[in-house]
Novice: 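Right, I'll just put the structure down here and ask away after.
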Amino acid sequence: MMALYFRSRTRGWFCVGSIIDPRWVITAAHCTNGSRTVQLERLLPRLRLTLTQRNIFQHPGFNARLNHDVALIRVPQLRLSPLLNRVKLPAKSSRANLFVGATTWGFEWPRDKGTRGTELVVMKNEDCIRAGYSRKVVIDSTLCVDVPPGKSVCAVDDGGALLHNPSRTLIGVVSFASAGGCLAGEPEGFSRVTSYMTWISQVTGIEWA
């Protein structure tokens with residue numbers, strides 16, 4: 001994971017992203033939207049990069065309902081190591097897999113405490129809608145998870161990773177939490193990575209194998 005500090009002309013904000021290739025980081029489009037620069041940081045190994053808007057590729061279908069909430073950031077070639085490595089992207093054979101019932105890990109970024117994982121279970125989108133979300137928000141390319149009360153991703157975790165367990169494959173990018181608060185114990189939404197692999201391949205040149 002990478003810490004991402006975005007800036008527009010008038011303000012700044014924080015999100016996170018995941019390394020998917022030595023030249024690419026994936027995050028949420030609502031994080032990149034309106035930004036002019038992004039600073040990427042890691043503590044171990046120490047790394048800081050500042051990039052301009054031309055290195056940000058936001059999904060063209062992104063809108064105010066957080067549909068297609070995914071974006072890519074092109075970075076200078078990273079030197080990968082056990083401490084700085086890429087996350088595994090889903091295989092082409094899993095493109096029809098909705099992962100319903102699968103156990104996953106969502107990663108929180110508690111202030112001053114590094115990262116920690118929370119075990120979450122993928123739920124049917126229909127159950128997510130019955131929990132109170134609009135069908136205009138929860139679409140086919142949305143992946144919802146059941147959230148234990150008091151455990152959740154929150155605003156500072158936007159753009160972060162949802163990993164399938166035990167394969168450690170990236171299947172979701174943090175998009176939205178309940179209006180009742182991120183610790184309300186209500187379902188949360190992620191951008192479903194399998195829905196965007198064709199676009200990711202087109203932008204990055206990464207082969208979807």
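Hydrogens, waters and symmetry mates play no part in the numbers below; they use all other heavy atoms, side chains included.
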Novice: Which heavy atom in Asp69 sits nearest to a heavy atom in Ser175, and how many Å separate them?
Specialist: OD2-OG, 2.7 Å
Novice: Within the side chain of Trp208, is there an N or O that forms a donor-acceptor pair under 3.5 Å with the backbone of Pro90?
Specialist: yes
Novice: Give a yes or no on whether the backbone of Cys31 and the side-chain of Asp158 come within a donor-acceptor separation of less than 3.5 Å.
Specialist: no
Novice: Verify the ring-centre separation between Phe57 and Trp199: is it less than 6.0 angstrom?
Specialist: no
Novice: Does any part of the side chain of Leu84, heavy atoms only, come nearer than 4.5 Å to the side chain of Arg79, both counted from C-beta?
Specialist: no
Novice: What distance do Arg192 atom CZ and Thr142 atom OG1 have between them, rounded to the nearest 0.5 Å?
Specialist: 7.5 Å
Novice: Angle class for the Phe99/His164 ring planes (parallel below 30°, perpendicular above 60°, tilted otherwise)?
Specialist: tilted
Novice: Quick check: closest heavy atoms across Thr27 and Cys15, and the distance to 0.1 Å?
Specialist: OG1-CB, 4.5 Å
Novice: Run Thr204 and Asp21 through side-chain contact (heavy atoms from CB on, under 4.5 Å) and show every step you take.
Specialist: CA-CA 9 Å; Thr204 65; Asp21 180 82; over 6 Å; no
Novice: Checking side chain to side chain contact (heavy atoms under 4.5 Å, CB included) between Leu162 and each of Val173, Leu120, Leu170, Val174, which is the one that passes?
Specialist: Leu120
Novice: Any side-chain to backbone donor/acceptor pair from Tyr133 onto Pro187? Under 3.5 Å, distance only.
Specialist: yes
Novice: May I have the step-by-step check of side-chain contact (heavy atoms from CB on, under 4.5 Å) for Glu126 and Arg135, ending in yes or no?
Specialist: CA-CA 9 Å; Glu126 283 298 320; Arg135 291 184 182 275; 2.9 Å; yes
Novice: Do the ring planes of His68 and His59 sit parallel (below 30°), tilted (30 to 60°) or perpendicular (above 60°)?
Specialist: parallel
Novice: Could you state whether Leu49 and Val25 fall into the same hydrophobic cluster, counting links through intermediate Ile, Leu, Val, Met, Phe, Trp or Tyr residues with side-chain heavy atoms under 4.5 angstrom apart?
Specialist: yes
Novice: Is there a side-chain contact between Val38 and Thr32 (heavy atoms, below 4.5 Å)?
Specialist: no
Novice: Hey, what do you get for OH (Tyr196) to CD1 (Ile26), rounding to the nearest 0.5 Å?
Specialist: 10.0 Å
Novice: Looking only at atom types and distance, does a side-chain atom of Asn67 sit under 3.5 Å from a main-chain N or O of Lys136, one as donor and one as acceptor?
Specialist: yes
Novice: I'd like to know if Leu80 and Val75 are part of one continuous hydrophobic network [Ile/Leu/Val/Met/Phe/Trp/Tyr, side-chain heavy atoms within less than 4.5 Å].
Specialist: yes
Novice: How many angstroms lie between atom CZ of Arg9 and atom OG of Ser35, to the nearest 0.5 angstrom?
Specialist: 13.0 Å
Novice: Before you tell me yes or no, could you show the steps for Arg23 and Arg74 under side-chain contact (heavy atoms from CB on, under 4.5 Å), namely the whole-Å CA-CA distance, both residues' side-chain angles and the distance that decides it to 0.1 Å?
Specialist: CA-CA 6 Å; Arg23 293 292 310 275; Arg74 181 176 56 203; 3.7 Å; yes
Novice: According to a hydrophobic-cluster definition based on side-chain heavy atoms being under 4.5 Å apart (Ile, Leu, Val, Met, Phe, Trp, Tyr only), do Met197 and Leu98 belong together?
Specialist: no
Novice: Look at the side chain of Glu186 and the backbone N and O of Ala131, then say whether any donor-acceptor pair between them is shorter than 3.5 Å.
Specialist: no
Novice: Would Ile139 and Ile200 show up in the same hydrophobic cluster when neighbours are defined by side-chain heavy atoms closer than 4.5 Å?
Specialist: no
Novice: Do Leu47 and Pro45 come within less than 4.5 Å of each other through their side chains, counting heavy atoms only?
Specialist: no
Novice: If you draw a 6.0 Å radius around CZ in Arg46, do more than 12 non-hydrogen atoms from other residues or ligands fall strictly inside?
Specialist: yes
Novice: If you look at every heavy atom in Pro76 and Leu51, which pair is closest and at what distance?
Specialist: CD-CD2, 4.0 Å
Novice: Can you measure from CD (Glu207) to NZ (Lys92) and round to the nearest 0.5 angstrom?
Specialist: 8.0 Å
Novice: Could you state the interatomic distance from CH2 (Trp105) to CD1 (Ile171), rounded to the nearest 0.5 Å?
Specialist: 13.5 Å
Novice: Establish whether Met123 and Phe190 are linked, either directly or via other cluster members, by ILVMFWY side-chain heavy-atom contacts under 4.5 Å.
Specialist: no
Novice: Which value, rounded to the nearest 0.5 Å, describes the distance between Ser195 atom OG and Leu143 atom CG?
Specialist: 8.5 Å
Novice: Could you walk me through whether Arg48 and Gln39 pass side-chain contact (heavy atoms from CB on, under 4.5 Å), step by step?
Specialist: CA-CA 7 Å; Arg48 180 179 292 178; Gln39 183 173 288; 3.7 Å; yes
